[in-house]
Amino acid sequence: MDLRNGFDIKRYIRTIPDYPKPGIMFRDITTLLSNLYGFRAAVDELAWPFLKTGVDYVAGIEARGFILGGAVAHTLGLGFIPIRKKGKLPSKVIGQDYALEYGVDTIEMHADAIAKGDRVLLVDDLIATGGTAGAAIDLIRKSGGDVVAAAFVIDLPELGGAEKLKAKGVKVHTLVGFEGH
Ligand code: AMP
């Protein structure tokens, strides 16, 4: 099933070489989001496999996962749960550490956001090593949630993140792939 109707999502993603540091090819989705057709095509394509699949919530990872995840939740007629950087959420939180290239980072979610058995779709803009999404999956599972799938606009397959999530038993849905880092 192809709902893209010829719209080339990949063409609207801008690549910025050596940002934020030398060697990184930054895949910039702001040029996709600002195009009215691009934003709609991306959100529709992220959402359609999950229409009528019994998902309870969409969870998005700060910050680009909020823009896409919020729109996907609205499209599916569901509520949205933010997964944020440490210290940003006002009520009681649960946290999950994950490894960065140098050091450790933490993401958090409200402790009462998800109840046992809730079915959650995770959304972010891009999957690279899978460290961030993997931590978000652990966080959702910690609160008893069931991660139905993880959906991303961009996959960087050479970094192995999608495979890592599949090894955790999570279905992965991506729209476009880029070679390299
Ligand atoms: P990872 O945890 O390695 O899968 O990295 C995924 C997170 O880092 C996502 O939230 C992305 O927004 C961001 N990210 C990683 N690599 C890139 C890249 N090449 N271009 C844009 N964003 C990236």
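When a ligand or atom number is given, it counts from 1 through the structure's own listing order.
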- prompt: Which class fits the ring pair F7 and Y12: parallel under 30°, tilted 30 to 60°, perpendicular over 60°?
  reply: parallel
task: Could you tell me whether atom 8 (O) of ligand 1 has a protein heavy atom closer than 4.0 Å?
output: no
- request: Among all protein heavy atoms, pick the one closest to atom 14 (N) of ligand 1 and tell me residue, atom and distance.
  value: L126 CD2, 3.6 Å
- prompt: Under 3.5 Å between some N or O of ligand 1 and some N or O of I24?
  reply: no
query: What closest approach, in Å, do I61 and A136 show between heavy atoms, and which atom pair accounts for it?
result: CD1-CB, 3.9 Å
message: Suppose the criterion is salt bridge (Lys or Arg N to Asp or Glu O under 4.0 Å): which pairs have a residue in residues 109-122, not counting sequence neighbours?
response: R119-D146
task: For G130 and ligand 1, answer yes if some heavy atom of the residue is under 4.0 Å from a ligand atom, otherwise no.
output: yes
field: Nearest-contact summary for atom 10 (O) of ligand 1 - protein heavy atom, Å
entry: D124 OD2, 2.9 Å
message: Is there a path of hydrophobic side-chain contacts, each under 4.5 Å between heavy atoms of I/L/V/M/F/W/Y residues, joining I83 to L89?
response: no
- prompt: Nearest 0.5 Å, what's the CG-CG distance between L126 and L156?
  reply: 4.5 Å
query: Purely on distance, is any nitrogen or oxygen of A133 under 3.5 Å from one on ligand 1?
result: no
- line: The protein heavy atom nearest to atom 2 (O) of ligand 1 is T132 OG1, 2.5 Å
query: Heavy atoms only: which of G160, G131, G134, A128 is nearest to atom 5 (O) of ligand 1?
result: A128
task: Report yes or no: does a heavy atom of I61 sit under 4.0 Å from some atom of ligand 1?
output: no
Distance from atom 20 (N) of ligand 1 to nearest protein heavy atom, with residue and atom: R27 N, 3.0 Å
- prompt: Looking only at protein heavy atoms, which one is nearest to atom 3 (O) of ligand 1, and how far off is it?
  reply: T129 OG1, 2.5 Å
- prompt: Is F26 in polar range of ligand 1, meaning some N or O pair under 3.5 Å apart?
  reply: no
query: Among all protein non-hydrogen atoms, which one is nearest to atom 12 (O) of ligand 1, and what is the separation to 0.1 Å?
result: D125 OD1, 2.8 Å
field: salt_bridge(E108, R84) N-O dist < 4.0 Å
entry: no
field: Heavy-atom neighbours of F26 CZ exceed 12 at 6.0 Å
entry: yes
- prompt: Hey, any chance L122 and L76 share a hydrophobic cluster, counting ILVMFWY side chains that come within less than 4.5 Å of each other, even indirectly?
  reply: no
- request: Please list, chain by chain and in numerical order, all residues satisfying ring-ring contact (aromatic ring centres under 6.0 Å, His included) with F178, sequence neighbours excluded.
  value: none
query: Of K164, M25, R64, which has the heavy atom at the shortest distance from atom 22 (N) of ligand 1?
result: R64
